[in-house]
Amino acid sequence: MKKLMTGNEALALGAWEAGCHLATGYPGTPSTEILENLSAYKEVHSQWAPNEKVALEVAAGGSAAGGRVICTMKVVGLNVAMDPLMTFAYMGVRGGLVVIVADDPGCSSSQTEQDNRLIAPLAKIPLIEPSDSQECKDFLKAAFEVSEKFDVPVLFRVTTRVCHSKSLVEVGRRREAPIRPYEKTGKYCSGPALSRVNHQRLEDMLPKLEEYSESSPLNRVEWGDKSVGVIASGISYQHAREVFGEKASYLKLGLTHRAPSRLIRDFAREVQKLYVIEENDPYLENTVKLLGVDCVGKARLPLVCDLSPEIIRAALLGEKPAPPYRIEASPPPRPPVLCAGCPHRSAFYAVSRLKNVVAANDIGCYTLGMAPPLNVTDTIVCMGAGISAGLGLERVLRLSGQNDKKVFGFIGDSTFFHSGITALIDAVWNKSNLAVCILDNRTTAMTGHQQHPGTGRTLRGEESVALDIEAIVKAVGVPPEQVRLVDAYDLAAVRGAVKEAADSEGVFVIISRAPCALIKEAQKQRAGMSCRIDPEKCQKCQSCLRIGCPAVVRRGETVSIDAQSCNGCGLCFQVCKFDAIGKEGGPK
Amino acid sequence: MIKSLLLVGVGGQGTILTSKILSEGLVQLGYDLKMSEIHGMAQRGGSVTTQIRYGEKVYSPCIGAGEADLLVAFEKVEAVRYLASLKKGGALIVNDHEIYSLPVLTGAAAYPENLGPRLAELVPGLKLLNANQIAAGLGNAKAQNVVILGLIVKTLGLEKHDWPGVIRQFVPEKLHGLNLAAFDKGLSA
């Protein structure tokens with residue numbers, strides 16, 4: 001039976017069919033739905049980890065114990081997991097282990113579009129790249145076999161277009177892969193003496209991997225017209241087929257580290273003009289050129305952003321047709337914003353009313369605090385840096401005598417568990433004057449509401465311990481009198497805490513808490529609630545526009561509230577000095 | 001022959017659900033199909049686009065400039081944003097409904113005026129409907145996406161398929177009546 005599936009759904013199915021035992025990872029677009037879908041298959045134990053490094057370490061242990069394991073993460077998640085990845089490559093596996101990394105060419109929702117294919121030669125591990133949903137499933141099953149055959153973890157690289165595109169997949173059955181009996185071998189104890197031996201083992205393995213690559217069904221030639229030859233992998237192959245059709249021949253690569261040298265040379269000899277088509281870095285192009293084979297790639301194709309048939313046609317064929325319809329109107333930008341009723345808004349609003357603030361922000365919905373009219377953000381680096389980059393900012397501002405500036409750090413609850421705790425330890429230990437706002441909306445919101453260590457539930461929905469952020473903050477050394485837990489919808493409380501934080505010395509932590517407005521339970525609870533502006537009382541001062549709520553609508557001088565999108569959070573009501581905003585509907 | 005459909009709208013409008021129903025129906029009709037969505041931060045009020053390509057054998061899921069056989073805008077100004085994708089002679093469906101982005105709400109940008117007539121002048125056969133009003137008439141404006149689905153099916157000439165069956169597959173049971181009525185309104189729009 002064929003079923004329409006996204007790449008991520010097909011990866012979950014592939015893991016299940018391959019007899020995978022354990023799956024772990026951290027949510028991140030575009031990888032999140034792999035584990036979410038896998039958690040529905042009871043034969044695979046799926047669990048979220050607090051971050052990607054922990055996830056991969058869990059995976060390493062699971063593999064050493066003889067199970068088949070996958071570990072999923074987004075593009076930048078691999079940076080966090082690099083430490084275990086490099087050593088784990090040396091150690092090798094017992095049960096097959098596949099690290100699925102979802103790259104994001106075009107940065108549709110990531111800080112970088114780094115090309116993680118380059119990690120495979122660095123770690124000296126196999127690299128597999130599927131180009132559609134069927135291949136996601138088939139290649140993942142093959143990846144377990146490659147991992148077990150060559151005794152290494154496999155890097156399985158997908159991209160946004162592969163993860164989030166749907167295509168037809170033949171649904172199969174699960175084939176049990178018995179957990180290999182545990183053996184105490186010493187193989188997994190990476191001390192320096194063993195590491196030298198293990199490094200040699202990897203160097204000896206790579207030529208064998210290449211030999212396998214020459215005849216692997218993951219790499220194939222599709223002959224068409226031989227005047228043009230195309231070498232491509234992943235989604236770039238699909239785009240290339242669209243552009244050249246039968247007017248070219250293709251070397252379609254799925255196992256791209258090690259790439260098959262003989263196959264490439266033989267293919268190149270048969271075709272007149274050779275293109276290497278790939279997104280971002282010239283990974284395949286450099287591989288081809290190192291073989292002394294001439295080809296055209298990044299000399300014509302862009303290094304930045306994702307590809308499309310349109311871009312390939314323009315770059316390689318010079319075809320750039322003018323769009324048939326043009327209209328003289330510029331559509332206003334539609335940037336993502338904090339939702340109507342978002343509990344994060346109050347802390348940003350309170351800080352935005354202070355003067356001389358420098359704000360370090362973090363990765364999650366609260367990134368959107370940077371947008372006007374709130375404008376509260378000076379840096380966004382990576383998970384955890386809302387605290388640690390704030391610490392660095394505060395230190396050097398103080399060293400340069402700019403003591404009039406107050407540094408605030410913003411971080412979310414899931415991000416706090418991911419990388420914020422060690423950063424907070426640093427701030428306390430090194431006597432920072434940082435004010436930290438932990439915006440606790442009781443979920444991993446930006447990626448679509450995944451559980452985290454503070455929610456009291458696991459990925460599979462089982463009840464578990466709900467870690468207490470306030471207790472952790474105090475336990476790492478923030479004095480209790482410097483900690484405030486406030487209701488995010490109580491603006492007076494939030495403003496009071498922000499004022500105290502601004503005037504404080506030493507690390508001061510505000511935990512601003514209310515569940516994400518999009519969580520089903522919160523939506524149910526607030527159904528029917530909304531705010532309304534009384535046009536008689538409204539003085540048109542537009543104070544309510546300063547909170548940046550998309551439910552507060554201005555037409556000319558008149559401001560009104562869109563009852564459809566408003567959830568009655570009441571922030572606008574609390575900033576109105578003329579008592580012109582009222583609440584309608586009560587909690588159900 | 002490959003057909004390319006581009007559905008554009010604003011996060012929360014249900015463009016993705018519409019695309020899912022449409023794609024499932026097209027697969028049931030025996031087509032090979034690829035559907036691609038970009039929805040990274042879309043739930044937070046950003047633009048959402050879904051690309052659907054179907055035919056005998058589809059390779060790339062992406063639609064370039066001047067390549068869409070059908071462009072469907074669930075929000076009016078999104079039609080302007082993606083108009084360059086429409087093929088010469090392609091069909092254009094526009095929901096006559098405005099959703100203001102934050103720059104418009106705060107006065108930093110202006111929402112273009114008179115778009116309906118201007119688009120009608122430009123694209124012969126433009127289908128302009130107020131799906132929100134039609135759905136509100138049925139009791140729930142949120143069903144606007146299924147009104148639009150009906151009009152898409154009609155525009156593609158695929159009315160004969162069992163679309164109510166596909167809709168039932170994707171929509172909770174208590175909303176079947178509303179959505180089937182919305183679909184019929186779209187079919188006869």
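Chain A is the first sequence line, chain B the second, and so forth, proteins listed ahead of strands; every chain is numbered from 1.
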- [ ] Against chain B, label Val552(A) side chain, backbone, both or neither, depending on which of its atoms sit under 4.5 Å from a heavy atom there.
- [x] backbone
- [ ] Return the minimal non-hydrogen interatomic distance between Asn179(B) and Ala143(B), and the atom names on each side.
- [x] OD1-CB, 4.2 Å
- [ ] Taking the side chain as every heavy atom from C-beta outward, state whether His176(B) and Ile167(B) have any atom pair closer than 4.5 Å.
- [x] no
Open item on the list: On a heavy-atom basis, which atom in Arg554(A) and which in Leu105(B) lie closest, and how many Å separate them?
Closed with: CB-O, 3.3 Å
Open item on the list: In terms of relative ring orientation, are Phe183(B) and Trp163(B) parallel, tilted or perpendicular, with 30° and 60° separating the classes?
Closed with: tilted
Task: Pairs of heavy atoms under 4.5 Å with chain A: top-ranked of Ser60(B), Pro61(B), Gly90(B), Ser101(B) - done: Ser60(B)
TODO: Measure Val77(B) against the heavy atoms of chain A and call it side chain, backbone, both or neither at under 4.5 Å.
DONE: both
Task: Any side-chain donor near an acceptor of the partner, Gln28(B) and His161(B), under 3.5 Å - done: yes
Open item on the list: Only pairs of heavy atoms separated by less than 4.5 Å count here; which of Pro323(A), Pro333(A), Pro373(A), Gly556(A) has the most with chain B?
Closed with: Pro333(A)
Open item on the list: Please classify the contact between Glu113(B) and chain A as side chain, backbone, both or neither, with a heavy-atom cut-off of under 4.5 Å.
Closed with: neither
- [ ] Sort out for me which of Glu24(B), Gln51(B), Lys87(B) touches chain A most, counting heavy-atom pairs under 4.5 Å.
- [x] Lys87(B)
Open item on the list: Between Tyr31(B) and chain A, with a heavy-atom cut-off of 4.5 Å, which part of the residue counts as in contact: side chain, backbone, both or neither?
Closed with: backbone
Task: Structural part of Leu4(A) lying under 4.5 Å from a heavy atom of chain B - done: side chain
- [ ] Pick one of side chain, backbone, both or neither for Ile311(A), based on which atoms fall under 4.5 Å of a heavy atom in chain B.
- [x] neither
Task: Interchain contact, Asp104(A) with chain B, by part (heavy-atom threshold 4.5 Å) - done: neither
Open item on the list: Less than 4.5 Å to any heavy atom of chain A: does that hold for the side chain of Ile99(B), its backbone, both, or neither?
Closed with: both
- [ ] Please check if any side-chain donor atom of Ser36(B) sits under 3.5 Å from a side-chain acceptor atom of Arg161(A), or the reverse.
- [x] yes
Open item on the list: Could you tell me if the side chain of Leu368(A) sits less than 4.5 Å from the side chain of Val337(A), heavy atoms only?
Closed with: no
TODO: Please flag which part of Ser330(A) lies under 4.5 Å from any non-hydrogen atom of chain B: side chain, backbone, both or neither.
DONE: backbone
Task: chain B contact via Pro372(A) - which portion, at a heavy-atom distance below 4.5 Å - done: backbone
Task: Lys34(B) charged N/C atom sitting above Tyr54(B) aromatic ring, 6.0 Å / 45° - done: no
- [ ] Specify the closest pair of heavy atoms between Leu86(B) and Pro324(A), including all atoms of both residues, with the distance to one decimal.
- [x] O-CG, 3.1 Å
Task: Contacting region of Arg326(A) [heavy-atom separation from chain B under 4.5 Å] - done: backbone
Task: Donor-acceptor pair between Tyr237(A) and Glu135(A) side chains, under 3.5 angstrom - done: no
Open item on the list: Just by distance, no angles: are the side chains of Asn37(A) and Asn8(A) close enough, under 3.5 Å, to form a donor-acceptor pair?
Closed with: no
Open item on the list: Out of the candidates Val104(B), Val10(B), Val48(B), only one should pair with Arg334(A) under the side chain to side chain contact (heavy atoms under 4.5 Å, CB included) rule; please name it.
Closed with: Val10(B)
- [ ] Please state whether the side chain, the backbone, both or neither of Glu121(B) comes within less than 4.5 Å of a heavy atom of chain A.
- [x] neither
Open item on the list: Taking every non-hydrogen pair under 4.5 Å, which of Cys342(A), Gly106(A), Ser165(A) racks up the most with chain B?
Closed with: Ser165(A)
- [ ] Examine whether an atom of Ala65(B) lies under 4.5 Å from a heavy atom of chain A, and if so say whether it belongs to the side chain, the backbone or both; otherwise answer neither.
- [x] both
- [ ] Among the options Gln564(A), Gln542(A), Glu328(A), pick out the one with the most heavy-atom pairs lying under 4.5 Å from chain B.
- [x] Glu328(A)
Task: chain A interface, residue from Gly89(B), Gly66(B), Ser23(B), Cys62(B) that has the most non-hydrogen pairs under 4.5 Å - done: Cys62(B)
Open item on the list: Which one wins on heavy-atom pair count under 4.5 Å against chain B: Ser131(A), Pro321(A), Pro332(A), Cys549(A)?
Closed with: Pro332(A)
Open item on the list: Looking only at the side chains, is there a donor atom on one of Ser47(B) and Glu78(B) sitting less than 3.5 Å from an acceptor on the other?
Closed with: yes
Open item on the list: Which one wins on heavy-atom pair count under 4.5 Å against chain B: Ile327(A), Asp132(A), Leu545(A)?
Closed with: Ile327(A)
